[in-house]
Amino acid sequence: MAEENWIEVGKVDSIDMEDLIRFDHAEKTFCVYRIEDGFYATDGICTHEEVHLEDGLVMDDEIECPMHQGIFNIKTGEAISPPACDDLKTYPVKVENDLVYINIP
Amino acid sequence: MNSLKKILIIGSGQAAIYAASEFRKNDKYSSITIFGNENHHPYERPPLSKEFLMDKKKKDEFLFFSKNFFDDHNVCFINKKIDSVDFKNKYLISFDNKKYFYDKLLITTGSTNRKVEIDKEIDNEIYYLRNLDEANKIKKKASEVNNIAIIGGGFIGLEIASSLNQQNKSVNVIEISNQLMGRIIPSPIANLVKAEHEKNGNKIHLDSKIKSIEKINDAFKILLENDHIIETEMIIGGIGSIPTTDLFNNSDLELKNGILTNKYNQTSVENVYAAGDVSNFYHPLYKKNIRLESYQHAQNQGINAGKNIAGIKSEYLSVPWMWSDQFDLNLQLTGLCDDYHEIIERGVDTENGIIHFFIKDDKIVGACGLGLVGKVGRDIRIASKLIEKQTIIDKKILSDLNQKLNPLLKK
Ligand SMILES: Cc1cc2nc3c(=O)[nH]c(=O)nc-3n(C[C@H](O)[C@H](O)[C@H](O)COP(=O)(O)OP(=O)(O)OC[C@H]3O[C@@H](n4cnc5c(N)ncnc54)[C@H](O)[C@@H]3O)c2cc1C
Ligand code: FES
């Protein structure tokens, strides 16, 4: 069983629909997304270069890097458009009592 | 199996490797051979004037795909310069006079730096930056000197100026016109870039034509027409580039500021395609031919060429986009900014990003942004999408920082 380590990210309303927030925890950066299908989380740094994805464009279930337009699937982390070619790590997210949590193993 | 083809590619840069990769996705068995005159696995050029010059990145960190790309994709690489093409009999001739026959040919020879012409003896001592070998030469020489002059205040010249400044060099940039980065950049943005260089200690000389350069021992004395004198130990030229088409002079291939191609990457010769910096292509959105020198274009047009060569008819419709990094600032430019009715500004400082939207007939036709890394990418990308969709814009939203631009995409 995967280790469970749920960390509170913030209130549901702190993330706009079709948008994301950056969440820093234990010297790591994550992106937590809110899209039509729910909440998701990935690593916060692009796999092409060391660039934060927090300022990227969220469209449907994709996040596009603000630096060179590499695109990743928010739900799976898959790199779907170059120059990104390595996938992003994804993390489970849950919502309880109006709060968003991310599971960081 | 007579459907198997022999695909040859001249040039082993960005457009070539993306074309080969895309072709292979669609055709597992035809043979692909890339000819390149650089003895390196294809690599990204942007870091050459940025992180590589500043010793922040090594070559292996900016290769395209992995080092096993050629084996994994069953693509052959031949490290040879191609001297000419016999389009009638469909073969290439390499520098050592060998013939290579093709069924389909892709030309991705990129562009070549324009050379400064002042005086033969001096001209030979000027450094240029197009490839890894030249970047290594610049790095080596720069490590031995303190004062460096850069001729040309375009993107590459300014990036070199920024990187060498960060290596503690004293840098002079000599620009012939009255603005950095050419007319396509709005002057307020060009002025902010100039201020950033000056804040960091670079000296920017606008409206400055070189009258003469004199060599004194190991150093140079550059005399400008306004009688200003710049003393320097190293000169780097960054005065633009021209498409690499010399090997096609006197051939059937139609050339006009590059190789003329249609929206399917086809040239005037059957079964011959071109992509990247070298192609002057028809853009259906702008209804005219354009030639671009940008990373995204080389990538996307390369991919499109790979599809078309594999027999999948695909129009090339990418909206132009490029970026430049200088000091802490990231500049992004999308669309075409040469034909517009008005400019709408968004943002007030580079810390949060400033964007100029170029508007024609209530539609965005181009946008240019400058800001700290990450601050303009999203809205510039939204602008690209709005340009592509030719959306009629409520102009008030563009300048209102309290309103996000994302909802415009839903229209
Ligand atoms: C220093 C530098 C910094 C840049 N920074 C940016 C940036 O920040 N943002 C941006 O958007 N763009 C940038 N660019 C532009 C971008 O890198 C180019 O537009 C892109 O590389 C073009 O790809 P290409 O495949 O058309 O040509 P190239 O990548 O130039 O590849 C062409 C290849 O063909 C080879 N070749 C040419 N003739 C022959 C022949 N006869 N036989 C065999 N081989 C041949 C060349 O040696 C070269 O290896 C930069 C370019 C440079 C040089
Ligand atoms: S840093 Fe994200 S695509 Fe390049």
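Here is how names work: the chains are called A, B, and so on, in the same order as the sequence lines, proteins then strands, and each is numbered from 1.
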For atom [atom1] of [X], decide whether the heavy atoms of other residues, nucleotides or ligands shown that lie under 6.0 angstrom number more than 12.
X: B:Lys58; atom1: NZ; value: no
X: B:Lys389; atom1: NZ; value: yes
X: A:Lys89; atom1: NZ; value: no
X: B:Glu351; atom1: CD; value: no
X: B:Asp328; atom1: CG; value: no

Do [X] and [Y] have side chains that approach each other closer than 4.5 Å (heavy atoms only, starting at C-beta)?
X: B:Gln299; Y: A:His68; answer: no
X: B:Lys404; Y: A:Asp16; answer: yes
X: B:Arg381; Y: A:Met59; answer: no
X: A:Pro83; Y: B:Phe64; answer: no
X: B:Lys410; Y: A:Glu18; answer: yes
X: A:Glu50; Y: B:Lys56; answer: no

Contact class of [X] relative to chain A, heavy atoms under 4.5 angstrom:
X: B:Ile380; value: neither
X: B:Asp325; value: side chain
X: B:Phe65; value: neither

Quick check: closest heavy atoms across A:Pro66 and B:Arg378, and the distance to 0.1 Å?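 Heavy atoms of A:Pro66 and B:Arg378 come nearest at CB-N, 4.4 Å.
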When every non-hydrogen atom of A:Pro82 is compared with those of B:Ile303, the smallest separation belongs to CG-CD1, 3.9 Å
A:Asp86 portion near chain B, given a 4.5 angstrom heavy-atom threshold: neither
Return the [atom1] to [atom2] distance between [X] and [Y], rounded to the nearest 0.5 Å.
X: B:Asn406; Y: A:Leu57; atom1: CG; atom2: CG; answer: 6.0 Å
X: B:Glu61; Y: A:Glu49; atom1: CD; atom2: CD; answer: 10.0 Å
X: B:Trp323; Y: A:Met67; atom1: CH2; atom2: CE; answer: 7.0 Å

